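Report on the structure given below.
Note that the coordinates shown come from a computational prediction; the quantities given were computed from them, not determined experimentally. Reminder, nothing fancy here: chain letters follow the sequence lines and each chain counts from 1.
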Amino acid sequence: MDQGEHRRLLGLAAPEFCPHLLGARVSSFIDGQLVVIELTEVEAYAGAADPGSHAYRGKTARNAALFGPPGTAYVYFTYGMHHCANVVCGEDGTASAVLLRAGKIITGEATVRARRGNNTGPAHLLLSGPARLAQGLGLSLEHNGKQYMHGTARGPGPSLGLESLATSAPEHSTGPRTGVSGPGGTEAYPYRYWLPGEPSVSRYRRAAPRVRPSPGV
DNA sequence: ATGTTGATCTTCT
DNA sequence: GAAGATCAACATC
């Protein structure tokens, strides 16, 4: 695909962009290690009008990268321990973005296992879930706001890459978003997209508010 | 196989 | 002060 077509697809709003991202390749060159993955599951976050989006309550220091140009990485920290990664798409300033939920490893399995705590489990589980995927790619807040270059990530400095977007959307399935509570988590937002039959696709869990243990006496 | 819980802390209300 | 675009360990069936 040429650069112009790549840019055109990135300019689509998240729900339209998602199918083109399935089967596409994301790569990171971080700490001298190249990791290339193929996406199998993504979720759309449609900007300020989407109650499930971090952009719903307007621009803040945390979500500023969401409002950047298409091709920007939005990486955030949550639950006190996890990072999750998005690709910003749509028109500049619309805060449309796609959460990278799962993928399979093309290059760099040893690096991914090392980053995932020398995990020795089956390879298809290594990137199964947004926090696992971000960890496998080595992403953290340092990379928030960086651009995904068109092509494979490469040195000398840290870089991110995005390539092989599908020109026509592959066969895929859709459903409600995982982990999103409130109106944004209902069937009205079938913004989760995945490749059927891929073992790396994360198991669906409906968002359930957690009951905190009462504070100790 | 499915359900529950602890970990751990930033962000916004 | 409460919830969060989660994960892994543990309990129970």
Criterion ring pair (Phe, Tyr, Trp, His ring centres under 6.0 Å) on A:Y74 and A:Y76, from CA distance to verdict: CA-CA 7 Å; A:Y74 169 49; A:Y76 66 90; 5.5 Å; yes
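Listed candidates were B:dT8, C:dC7, B:dT13. Nearest to the side chain of A:R132 is C:dC7. Listed nucleotides C:dC7, C:dA5, B:dT13 differ in distance to A:H82; the shortest reach to its side chain belongs to C:dC7. Closest approach to the A:F77 side chain among B:dT10, C:dT6, C:dA5 is made by B:dT10 (side chain taken as heavy atoms from C-beta onward). Checking C:dT6, B:dA7, B:dT10 against every side-chain atom of A:Y79, the shortest atom distance belongs to C:dT6. Closest contact between the side chain of A:A131 and the listed nucleotides C:dC7, B:dC12, C:dA5 involves C:dC7. Listed candidates were B:dT10, C:dT6, B:dT8. Nearest to the side chain of A:M81 is B:dT8.
Here the shortest heavy-atom pairing between A:P130 and A:C84 reads CB-SG, 3.9 Å.
Residue side chain A:Y76 fails the stacking definition with respect to C:dA5, as its ring centre and the base's six-membered ring centre are not both under 5.5 angstrom apart and under 30 degrees in plane angle.
The phosphate of B:dC12 has OP1 or OP2 within less than 4.0 Å of a side-chain N or O from A:T60. Taking only side-chain nitrogens and oxygens, A:R116 never comes nearer than 4.0 Å to OP1 or OP2 of C:dC7. One finds no side-chain N or O of A:S53 lying less than 4.0 angstrom from the OP1 or OP2 phosphate oxygen of C:dA5.
Looking at which nucleotide of DNA chain B each of A:L141 and A:R203 is closest to, the 5′-most match is held by A:R203.
Note on A:E43 versus A:R177: no salt bridge recorded, every NZ/NE/NH1/NH2 to OD/OE distance being 4.0 Å or above. A salt bridge between A:R7 and A:D2 is absent, with no side-chain N of the basic residue lying under 4.0 Å from a carboxylate O of the acidic one.
Rounded to a whole Å, the OH atom of A:Y189 is 15 Å from the C1' atom of C:dA5. Between the NE2 atom of A:H54 and the P atom of C:dT6 there is a distance of 9 Å, rounded to whole Å. The interatomic distance linking A:Y56 (OH) with B:dT13 (P) rounds to 12 Å, in whole Å. Look at CG on A:L127: it is 15 Å from C1' on C:dT6, rounded to the nearest Å. The separation between A:R177 atom CZ and C:dG4 atom P is 13 Å, rounded to whole Å. Remark: P of C:dT6 and CG of A:L99 are 7 Å apart, rounded to the nearest angstrom. Regarding A:K59, its NZ atom lies at a distance of 17 Å from the C1' atom of B:dT11, rounded to whole Å. Taking atom CG of residue A:L66 and atom P of nucleotide C:dA5, one finds them 12 Å apart after rounding to whole Å.
Base contact: A:G52 has a heavy atom under 4.0 Å from a base atom.
When each of A:R203, A:K104, A:R192 is paired with A:E41, the salt bridge (charged side-chain N to carboxylate O under 4.0 Å, His left out) condition holds for A:R192 and for no other.
Pairing of B:dT8, defined by two Watson-Crick or G-U wobble distances under 3.5 Å, is not identified with any nucleotide. Searching all strands for a Watson-Crick or G-U wobble partner of C:dA5 with both distances below 3.5 Å returns nothing.
Distance check, rounded to the nearest 0.5 Å: CG of A:L21 to CD of A:E38 gives 11.0 Å.
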